[in-house]
Colleague: 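The structure is given below, and queries will be raised subsequently.
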Amino acid sequence: MSATAQPEVVTRFAPSPTGFLHIGNARTGLFSWLYARHHGGRALLRIEDTDAARSTKEAIDVILDGLKWLGVDWDGHEYYQSQFQARHAEVANEMVELGHAYRCYMTAEQLAAGREKAQAEKRPYRVESPWRDGAPAGDGAFVVRLKAPREGETVIDDLVQGRVTVRNAELDDMVLLRSDGTPTYMLAVVVDDHDMGVTHVIRGDDHLNNAFRQLAIVRAMGWPEPVYAHVPLIHGYDGAKLSKRHGALGVDAYRDELGILPEALFNYLLRLGWGHGDDEVISKEQAIEWFDLAQVGKSPSRFDLKKLENLNGHYIREADDGRLAGLTAPRVGKLIGRDLSTAEIELLVRAMPELKPRAKNLNELAENSTFLFQARPLDFDEKAAQLLAGDSPRLLARAWSALNALDEWTALATEAAVRSTAESAGAKLGQVAQPLRAALTGRATSPGIFDVLVLLGREESLARIADRMDGAE
RNA sequence: GGCCCCAUCGUCUAGCGGUCCAGGACGUCGCCCUUUCACGGCGAAAACACGGGUUCGAUUCCCGUUGGGGUCACCA
């Protein structure tokens, strides 16, 4: 808390539980969180769970877990919109008493007829309720409608969008309270944001139009007006709206299915639609220090999985070997059909320095490490099989002898042995090394062959070579 | 369709009237390193949507066109 009169910044992220944390929502949440952290304010979380059918415990946990994994925490407990319904109704009724809202008895049929007529006349439809101006109360069911201003215009100085002006004639008398007495989303957000003390409403720009109508409620109640910031949505790589088909996966899918590290997704999402000079790799601490809404672009940006994976590769290379092994082990287990033993996980940790520069996600890391754990005789892929044909068994036999004669089993020693084998056989190093690689890993590509030899150990290495050499029993 | 917003390399972006025949990153393509694949290093191709203004001077300001997006519920 500063001693100056700067009011505290309070932001909120308000996702509705749809069963997954959409990547675009996650970015909006990230921005909202960063803005609060940057200004030393509070970042709040409110679950918009008024749709009881969708708002299951599981759906809510997906969001909570996703944010936590991303490293986006929030202050205090999370709020649940469904708990404030009585309060919403109270505000709606107060607005009726104040003359800023009214009970409307129009039927669904009347509304539909009005809409149809407007469409036929090719003019925009606006609710024209006789009860707006005090028609005597009807006797059927009613909704409470906002008595929206009709003259003049409403201006919002949006932190991202700039100054946006809309003529009040465009605004509608939207429903605040449904005929069953429950609040609509429009009412609920405004009331909750006010009650929670939210000063900065940072959300997707699909809400920009709503802001004008919501502001009407704020003003009717005489509440302090929040600062708005509507950040653009994320699009798919082809420019179309992000659908499941091209990347609109939940945050959990990036973690579980694509094997993305949280710091990579954090960094990628941050750089999507926001920039700080030429900086590409940005830590959380730097992000908090540098982030500002003013630099957020106004146009929607496209999601590029290639760039995310490049960043992910960077963070994998930087990550601690033990942590990576822990994340990779279960994936390896799935690939080889059994869990890794403690000793095998330790081997994975030791192999990590050689493994991690070759992977851009955890799945690749797992795939590239399976050779360490496969039981003899190995399976060979097509390219490996080719490498083991022709003269290779003979060269492998010579390599086997040279290696078998070694006193110490180090990368240096094995390299010397293999090099002299090649030399004495009149072959290039590659002519020996490649078959060796195939025999040891079952593949044509792998970490450096001498590192592989050391990781596998003397006994296993010699046995694997023997399996493929001339004179193999 | 009405209303609102947007527009720099394929993608993410830097640029906030002259420093820009436009910089960085991913991707692509070469070369180097090298036992493979990566990593790393070096280099190349690649953009100011179009048309009018304003100005001594526009990528930068204004208008229009085109293109894209959002939104128009008793959903959130």
Side-chain angles (χ1 to χ4, degrees), chain A residues 14-18 48-51 54 81 104 106 108 111 115 118-119 122-126 141-145 156 158 160-162 164-167 169-172 174-180 182-186 188-189 204-212 230 232-233 235 237-241 268 271-281 295 297-311 313-314 317 354-360 364 368 383-384 387 415 418-419 422 428-438 441 443-450:
Chain A
S16 53
T18 55
E48 312 257 299
D49 61 339
T50 48
D51 187 340
R54 284 194 299 187
Q81 187 156 66
C104 173
M106 287 177 81
L111 254 13
R115 254 188 279 275
Q119 193 163 25
K122 287 196 162 176
R123 59 178 173 78
Y125 177 67
R126 216 103 297 152
F142 64 84
V143 299
V144 172
R145 280 186 192 282
I156 287 180
D158 192 286
V160 170
Q161 302 290 334
V164 184
T165 305
V166 165
R167 288 182 303 126
E170 302 290 338
L171 273 28
D172 209 350
M174 63 183 174
V175 172
L176 264 24
L177 228 47
R178 301 188 189 97
S179 50
D180 66 358
T182 59
T184 61
Y185 162 80
M186 283 300 175
V189 236
D205 72 0
D206 49 335
H207 287 289
L208 181 58
N209 291 290
N210 289 338
F212 293 89
H230 291 91
L233 271 13
H235 285 183
Y237 193 74
D238 60 0
K241 189 170 180 175
Y268 179 72
R271 279 285 289 104
L272 197 58
W274 177 86
H276 183 268
D278 285 343
D279 296 302
E280 296 288 346
V281 175
Q295 293 127 36
K298 294 190 200 177
S299 53
S301 36
R302 306 182 184 201
F303 191 88
D304 185 358
L305 186 59
K306 284 268 179 56
K307 188 150 186 174
L308 205 210
E309 290 208 305
N310 172 272
L311 223 31
H314 169 85
R317 274 169 255 134
E354 288 305 317
L355 257 17
K356 60 186 186 180
R358 282 162 238 268
K360 54 187 188 295
E364 289 184 356
N368 295 340
K383 283 178 182 170
L387 286 171
E415 174 164 4
V418 173
R419 279 191 188 278
K428 284 184 175 177
L429 181 55
Q431 286 175 275
V432 180
Q434 281 301 86
L436 210 44
R437 180 188 318 285
T441 68
R443 303 186 186 194
T445 65
S446 79
I449 198 63
F450 309 114

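Letters A, B, ... are given to chains in the order of the sequence lines, protein chains preceding strands, and every chain is numbered from 1.
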Colleague: Who does B:C21 pair with, Watson-Crick or G-U, both distances under 3.5 Å?
Modeller: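 Across any shown strand, B:C21 pairs with none.
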
Colleague: Is a side-chain donor or acceptor of A:Asp304 paired with a backbone partner of A:Tyr237 at a separation under 3.5 angstrom?
Modeller: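 The answer is no, because no donor-acceptor pair under 3.5 Å joins these two groups.
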
Colleague: By side chain to side chain contact (heavy atoms under 4.5 Å, CB included), which residues pair with A:Ser16, not counting sequence neighbours?
Modeller: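 Once residues adjacent in sequence are excluded, the partners of A:Ser16 under the side chain to side chain contact (heavy atoms under 4.5 Å, CB included) criterion are A:Thr18, A:Glu48.
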
Colleague: Sort out the partner of B:U59 for me: Watson-Crick or G-U wobble, both distances under 3.5 Å, none otherwise.
Modeller: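 Because no pair has both required distances under 3.5 Å, B:U59 counts as unpaired.
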
Colleague: For A:Asp278, check side chain to side chain donor-acceptor pair (under 3.5 Å) against everything at least two apart and list the hits.
Modeller: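 With neighbours one apart ignored, the set is empty.
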
Colleague: Using a cut-off of 4.0 Å on non-hydrogen atoms, how would the nucleic acid contact of A:Pro447 be classed: base, sugar-phosphate, or nothing?
Modeller: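 If one applies the 4.0 Å heavy-atom cut-off, A:Pro447 turns out to touch a base.
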
Colleague: Reckon A:Arg419 touches a base, only the sugar-phosphate, or nothing at all at heavy-atom distances under 4.0 Å?
Modeller: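 If one applies the 4.0 Å heavy-atom cut-off, A:Arg419 turns out to touch the sugar-phosphate alone, with no base involved.
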
Colleague: Under 3.5 Å for both donor-acceptor distances, Watson-Crick or wobble: does B:G40 have a partner, and if so which one?
Modeller: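 Checking every strand shown, B:G40 finds its partner in B:C32, with both distances under 3.5 Å.
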
Colleague: Distance check, rounded to the nearest 0.5 Å: A:Thr182 atom OG1 versus A:Leu176 atom CG?
Modeller: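 Nearest 0.5 Å value for the OG1-CG distance: 11.5 Å.
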
Colleague: For B:C29 and B:A45, measure between their C1' atoms and round to the nearest Å.
Modeller: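 Result for the C1' pair: 8 Å, nearest Å.
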
Colleague: What distance separates A:Arg437 CZ from A:Arg443 CZ, expressed to the nearest 0.5 Å?
Modeller: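 A:Arg437 CZ to A:Arg443 CZ: 12.0 Å, rounded to 0.5 Å.
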
Colleague: NA contact type, A:Ser16, heavy-atom cut-off 4.0 Å: base, sugar-phosphate, or nothing?
Modeller: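 Sugar-phosphate only.
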
Colleague: Taking any heavy-atom pair under 4.0 Å as a contact, classify A:Asn368: base, sugar-phosphate, or nothing.
Modeller: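 Touches nothing.
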
Colleague: With P as the reference atom in both, quote the distance from B:U11 to B:C5 in angstrom, rounded to an integer.
Modeller: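 After rounding to an integer number of Å, I get 24 Å for this pair.
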
Colleague: Ring pair (Phe, Tyr, Trp, His ring centres under 6.0 Å) with A:Phe450: which residues, sequence neighbours excluded?
Modeller: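 With sequence neighbours excluded, A:Phe450 shows a ring pair (Phe, Tyr, Trp, His ring centres under 6.0 Å) to no residue whatsoever.
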
Colleague: Please report, rounded to the nearest Å, how far the C1' atom of B:C6 is from the CG atom of A:Asp158.
Modeller: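 One finds 13 Å between C1' of B:C6 and CG of A:Asp158, rounded.
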
Colleague: Show me the protein contacts with nucleotides 13-16 of chain B, counting only N or O atoms at under 3.5 Å.
Modeller:
unit_1	atom_1	unit_2	atom_2	d
B:U13	OP1	A:Gly273	N	2.4
B:U13	OP1	A:Ser301	OG	3.3

Colleague: With both distances under 3.5 Å as the test, what is the Watson-Crick or G-U wobble partner of B:G64?
Modeller: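 B:C50 - that is the nucleotide pairing with B:G64, both distances being under 3.5 Å.
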
Colleague: Using Watson-Crick or G-U wobble geometry with both distances below 3.5 Å, tell me the partner of B:G2, or none.
Modeller: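 For B:G2, the partner nucleotide comes out as B:U71, under the 3.5 Å rule.
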
Colleague: Rounding to the closest angstrom, what is the interatomic distance between B:U19 and B:U59 at atom C1'?
Modeller: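 Going atom to atom, C1' in each nucleotide, I get 14 Å.
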
Colleague: Suppose we screen for salt bridge (charged side-chain N to carboxylate O under 4.0 Å, His left out). Which residues come up paired with A:Arg358, at least two apart in sequence or across chains?
Modeller: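 With sequence neighbours excluded, A:Arg358 shows a salt bridge (charged side-chain N to carboxylate O under 4.0 Å, His left out) to A:Glu354, given in chain and number order.
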
Colleague: Answer with base, sugar-phosphate or nothing: what part of the nucleic acid does A:Thr182 contact at a heavy-atom distance below 4.0 Å?
Modeller: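 Contact class for A:Thr182: none.
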
Colleague: Return the set of residues passing side chain to side chain donor-acceptor pair (under 3.5 Å) with A:Asp172 (not counting sequence neighbours), or none when no residue passes.
Modeller: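 For A:Asp172 there are no side chain to side chain donor-acceptor pair (under 3.5 Å) partners, ignoring immediate neighbours.
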
Colleague: In whole Å, measure the gap between the P atoms of B:C26 and B:U65 for me.
Modeller: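 Straight-line distance between the two P atoms is 40 Å.
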
Colleague: Taking a pair as Watson-Crick or G-U wobble with both distances under 3.5 Å, which nucleotide is matched to B:G10?
Modeller: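 Paired with B:C26.
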
Colleague: Measure NE2/A:His314 against P/B:G24 and give the value in whole Å, please.
Modeller: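 My rounded result for the distance is 19 Å.
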
Colleague: Test of understanding: with side chain to side chain donor-acceptor pair (under 3.5 Å), list the residues that count as partners of A:Tyr185, not counting sequence neighbours.
Modeller: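 If we apply the side chain to side chain donor-acceptor pair (under 3.5 Å) test to A:Tyr185, skipping adjacent residues, the hits are A:His207.
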
Colleague: Nearest to the side chain of A:Asn209 - B:C74, B:U35, B:G70?
Modeller: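 My answer, after comparing the listed nucleotides, is B:G70.
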
Colleague: Categorize A:Thr165 for me: base, sugar-phosphate, or nothing, with a 4.0 angstrom heavy-atom threshold over every strand shown.
Modeller: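 It contacts sugar-phosphate atoms only.
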
Colleague: Distance check, C1' atoms only: B:C56 and B:G67, in whole angstrom units.
Modeller: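 Their C1' atoms lie roughly 34 Å apart.
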
Colleague: Pick base, sugar-phosphate or nothing for A:His230, based on heavy-atom distances below 4.0 Å to the nucleic acid.
Modeller: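 The answer is nothing, as A:His230 stays clear of every strand by at least 4.0 Å.
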
Colleague: B:G68 and B:G27: how far apart are their P atoms, nearest whole angstrom?
Modeller: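 Pairwise P distance, B:G68 against B:G27, rounds to 29 Å.
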
Colleague: A:Asp206 has a side chain; which of B:C4, B:G70, B:U36 sits nearest to it?
Modeller: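 Comparing B:C4, B:G70, B:U36 against the side chain of A:Asp206, the answer is B:G70.
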
Colleague: Is the side chain of A:Tyr268 donor-acceptor paired with the backbone N or O of A:Asn310 at a distance under 3.5 Å, no angle test?
Modeller: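 No, A:Tyr268 side chain to A:Asn310 backbone: no donor-acceptor pair under 3.5 Å.
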
Colleague: Who passes salt bridge (charged side-chain N to carboxylate O under 4.0 Å, His left out) against A:Arg317, sequence neighbours left out?
Modeller: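 A:Arg317: no salt bridge (charged side-chain N to carboxylate O under 4.0 Å, His left out) contacts found.
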
Colleague: Under 4.0 Å, counting only non-hydrogen atoms across every strand here, what does A:Tyr268 touch: a base, just sugar-phosphate, or nothing?
Modeller: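 Answer is nothing: A:Tyr268 stays at 4.0 Å or more from every strand.
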
Colleague: Tell me which of A:Val175 and A:Phe212 sits closer to the 5' end of RNA chain B, going by the nucleotide each one is nearest to.
Modeller: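 Between the two, 5'-proximity favours A:Phe212.
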
Colleague: Would you compute the distance between atom OG1 of A:Thr165 and atom CZ of A:Phe212 and round it to the nearest 0.5 angstrom?
Modeller: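 Taking OG1 in A:Thr165 and CZ in A:Phe212, the distance rounds to 7.0 Å.
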
Colleague: Run the side chain to side chain donor-acceptor pair (under 3.5 Å) test against A:Arg167 and tell me which residues pass, sequence neighbours left out.
Modeller: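 Partners of A:Arg167 by the side chain to side chain donor-acceptor pair (under 3.5 Å) criterion, ordered by chain and then number, come out as A:Glu170.
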
Colleague: Considering every strand and a 4.0 Å limit on heavy-atom distances, what is the contact class for A:Met186: base, sugar-phosphate, or nothing?
Modeller: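 Counting heavy atoms under 4.0 Å across all strands, the contact made by A:Met186 includes a base.
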
Colleague: For B:C20 and B:U35, measure between their C1' atoms and round to the nearest Å.
Modeller: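 It comes out at 46 Å once rounded to the nearest Å.
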
Colleague: Rounding to a whole Å, what distance do you find between A:Tyr125:OH and B:U71:C1'?
Modeller: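 The answer, rounded to whole Å, is 18 Å.
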
Colleague: What's the NE2-P distance between A:His235 and B:C12, to the nearest Å?
Modeller: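 Between P of B:C12 and NE2 of A:His235: 11 Å.
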
Colleague: Between A:Gln434 and A:Phe142, which is nearer to the 5' end of RNA chain B once each is assigned its nearest nucleotide?
Modeller: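 Residue closer to the 5' terminus by nearest nucleotide: A:Gln434.
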
Colleague: Quick one: A:Glu354 CD to B:U36 P, roughly how many Å, whole number?
Modeller: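 Those two atoms, CD and P, are 15 Å apart.
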
Colleague: Quick one: which protein N/O atoms are closer than 3.5 Å to N/O atoms of nucleotides 26-30 of chain B? Pair and distance per line, please.
Modeller:
unit_1	atom_1	unit_2	atom_2	d
B:C26	O3'	A:Asn310	ND2	3.3
B:C26	O2'	A:Lys307	N	3.4

Colleague: Figure out the CD/C1' separation between A:Glu170 and B:G1, and round it to whole Å.
Modeller: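 Rounded to whole Å, this separation is 13 Å.
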
Colleague: Which residues pass the salt bridge (charged side-chain N to carboxylate O under 4.0 Å, His left out) test with A:Glu280, not counting sequence neighbours?
Modeller: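 Residues passing salt bridge (charged side-chain N to carboxylate O under 4.0 Å, His left out) with A:Glu280: A:Arg271, A:Lys307.
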
Colleague: Could you state the CD-P distance from A:Gln161 to B:G69, rounded to the nearest angstrom?
Modeller: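 It works out to 16 Å between those atoms.
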
Colleague: Please determine, for the side chain of A:Val143, which listed nucleotide (B:C74, B:U35, B:A76) has the closest atom?
Modeller: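 The answer is B:C74.
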
Colleague: Given 3.5 Å as the limit, does a donor-acceptor pair link the side chain of A:Asp158 with the main chain of A:His230, or not?
Modeller: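 Looks like yes, one N/O pair under 3.5 Å.
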
Colleague: What is the separation between atom CG on A:Asp205 and atom P on B:U71, rounded to the nearest whole Å?
Modeller: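 That distance rounds to 8 Å.
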
Colleague: Base, sugar-phosphate, or nothing for A:Val164, non-hydrogen atoms under 4.0 angstrom?
Modeller: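 Sugar-phosphate only.
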
Colleague: For nucleotides 40-48 of chain B, tabulate all protein N/O to nucleotide N/O atom pairs closer than 3.5 Å, reporting atom names and distance.
Modeller:
unit_1	atom_1	unit_2	atom_2	d
B:G40	OP1	A:Arg317	NH1	3.4

Colleague: If the P atom of B:C16 is compared with that of B:U60, how far apart are they to the nearest Å?
Modeller: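 It works out to 13 Å between them.
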
